[in-house]
Amino acid sequence: MTYLLPGILLITIASGISYTALRLFTDTQGGIFERFQSMPIARSSVLWAHVLTSLAANAVSLVAVTGVAVAMGFTLGRRSVGLARGRRHPHSCSPWR
């Protein structure tokens, strides 16, 4: 589970990005951008709307995947928590002791 979760998180992010690209392509082919050009809005607002909704959807997906992993028993372990706090592992082979 320690090595599986980062891979699943990366796949989740990649699928979210590809879905956003598909939505942008569909909007481009459907002519929505031409319709928005006749309105008094910034040209980049549609792109920013896609980006922000993609960020929100990816955040929800990452929280859901991490929540399922924690429910299945995923823990960081003492060594990971110590590294996050800035402490070295006592048995590390670092040349800078």
Side-chain angles (χ1 to χ4, degrees):
M1 183 69 101
T2 304
Y3 298 107
L4 189 62
L5 182 62
I8 292 173
L9 291 175
L10 286 175
I11 290 171
T12 303
I13 292 169
S15 64
I17 290 171
S18 65
Y19 179 66
T20 302
L22 176 69
R23 285 183 15 211
L24 277 171
F25 176 75
T26 304
D27 285 350
T28 303
Q29 296 300 314
I32 192 83
F33 288 109
E34 285 79 17
R35 283 186 243 152
F36 282 141
Q37 284 181 353
S38 66
M39 300 174 132
I41 59 173
R43 294 180 69 134
S44 62
S45 62
V46 178
L47 179 62
W48 275 109
H50 278 290
V51 168
L52 293 176
T53 56
S54 173
L55 281 173
N58 274 334
V60 169
S61 298
L62 290 175
V63 167
V65 169
T66 305
V68 169
V70 168
M72 291 176 62
F74 176 76
T75 59
L76 287 176
R78 280 194 270 165
R79 181 172 182 194
S80 299
V81 172
L83 289 174
R85 290 183 182 163
R87 297 183 188 144
R88 265 190 18 254
H89 192 267
H91 303 293
S92 65
C93 299
S94 174
W96 298 284
R97 288 194 147 180

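If you're wondering where the values come from, they're calculated on a predicted model, not measured in any experiment. When reading the values below, keep in mind they use all heavy atoms of this one structure, side chains included, and skip hydrogens, waters and symmetry mates. Index from 1, following the sequence.
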To the nearest 0.5 angstrom, please state how far the [atom1] atom of [X] sits from the [atom2] atom of [Y].
X: Ile11; Y: Ser61; atom1: CD1; atom2: OG; value: 13.5 Å
X: His50; Y: Ser44; atom1: NE2; atom2: OG; value: 12.5 Å
X: Asn58; Y: Tyr19; atom1: CG; atom2: OH; value: 12.0 Å
X: Leu4; Y: Leu9; atom1: CG; atom2: CG; value: 9.5 Å
X: Leu22; Y: Asp27; atom1: CG; atom2: CG; value: 9.5 Å
X: Thr12; Y: Leu5; atom1: OG1; atom2: CG; value: 9.0 Å

Cluster question for you: counting only ILVMFWY and a side-chain heavy-atom cut-off of under 4.5 Å, with indirect links fine, are [X] and [Y] together?
X: Leu55; Y: Val63; answer: no
X: Ile13; Y: Phe74; answer: yes
X: Leu24; Y: Ile32; answer: yes
X: Leu62; Y: Ile17; answer: yes

* Is the shortest heavy-atom distance from the side chain of Thr20 to the side chain of Val51 under 4.5 Å? -> no
* Asked: Is a side-chain donor-acceptor pair under 3.5 Å present for Arg23 with Ser54?
  -> no
* Looking at Val46 and Phe36, what are the two nearest heavy atoms and their distance? -> CG2-CD1, 3.2 Å
* If you take all heavy atoms of Arg35 and Ser38, which pair is closest and at what distance? -> O-OG, 2.8 Å
